Amino acid sequence: TYTQGLLSYIPSGNTEAIPTLTEDEVDDFVRRITRFGNPNKRVLFCSRYVGMLLSQWAAGSQRITKTGASTKYGVHVNEYMTGVGCALDVVTAHALEGLPGSTAVGTWDGYAALVDMEDKQKVRFMGDEAKLATDVQFKDQDGVADAYLSDVGLDPGNYNKDGLITGVTA
């Protein structure tokens, strides 16, 4: 068995289509999802489009704190304080992008996943041990690069602590 990624285990009852993302819609969504687990902290993995919308309507307030090159999760993280008192670590996920070069909103551009990372500390190994793949550098790269490859995934834990926003277009 595989963990099949974040989108596969978030229950449909915790998924909400929000075409027009507003502060009130986000607050209501966060309030519903944070009934389980720690109600004060979550991570919001979102497309750059959703991240842009968040920062647009939070620009005039103190609701977004730019933490710079944070060491959290190995990526740049902004913290957004919701109206319901939950601090969201906002991480833009470049995997949630439309077609390259397109200015239109793509299928994944309107997605954001709200995740309780405190519940995701367990990593499941699937199948064999890690294997060393040699000579994996890009063809135009000088030097040699190797990488360890393995089948791993996060143990979803209590899936009721997570939620998904879909269909954001404005």
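The shown structure was predicted, so the numbers you read here are calculated from the model rather than taken from an experiment. Counting from 1, the numbers follow the sequence of the chain as shown. Heavy-atom basis, side chains included; hydrogens, waters and symmetry copies ignored.
At a threshold of 4.0 Å, the pair Lys41-Asp116 does not count as salt-bridged, since none of the basic side-chain nitrogens sits closer than that to a carboxylate oxygen.
Linking ILVMFWY side-chain heavy atoms closer than 4.5 Å, directly or via other members, places Met117 and Leu164 in a single hydrophobic cluster. Follow the hydrophobic side-chain contacts under 4.5 Å out from Val43 and you never reach Phe36; the two are in separate clusters.
For the pair Arg31 and Asp28, the tightest heavy-atom approach, listed with the atom from each and the gap, is NH2-OD1, 2.6 Å. Taking every heavy atom of both residues into account, Ser47 and Thr92 meet most closely at O-CG2, 4.3 Å. What you find for Glu25 and Thr20 is that their closest heavy atoms are CG-O, 4.1 Å.
Residues Gln137 and Val144 have side chains in contact (heavy-atom distance under 4.5 Å, counting atoms from C-beta outward).
Atom CE of Met52 sits about 9.5 Å away from atom CG of Asp109, to the nearest 0.5 Å. Between atom SG of residue Cys86 and atom CE of residue Met81 there is a gap of 8.0 Å, rounded to the nearest 0.5 Å. Atom CG in Leu21 sits 6.0 Å away from atom CG in Leu54 (nearest 0.5 Å). Rounding to the nearest 0.5 Å places CD1 of Ile165 at 8.5 Å from CD1 of Ile33. Separating the CZ atom in Arg42 from the NZ atom in Lys161 is a distance of 7.0 Å, to the nearest 0.5 Å. Here the OG1 atom belonging to Thr82 is positioned 9.5 Å from the CG atom belonging to Leu114, to the nearest 0.5 angstrom.
Arg32 places no side-chain N or O within donor-acceptor distance of the main-chain N or O of Phe29, the cut-off being under 3.5 Å. The backbone N or O of Ile10 sits nowhere less than 3.5 Å from a side-chain atom of Asp162 that would complete a donor-acceptor pair. Panel note: side chain Tyr49, backbone Tyr111; no donor-acceptor pair is recorded below 3.5 Å. With hydrogens and angles ignored, the 3.5 Å screen pairs a side-chain donor or acceptor of Asp27 with a backbone N or O of Gly83.
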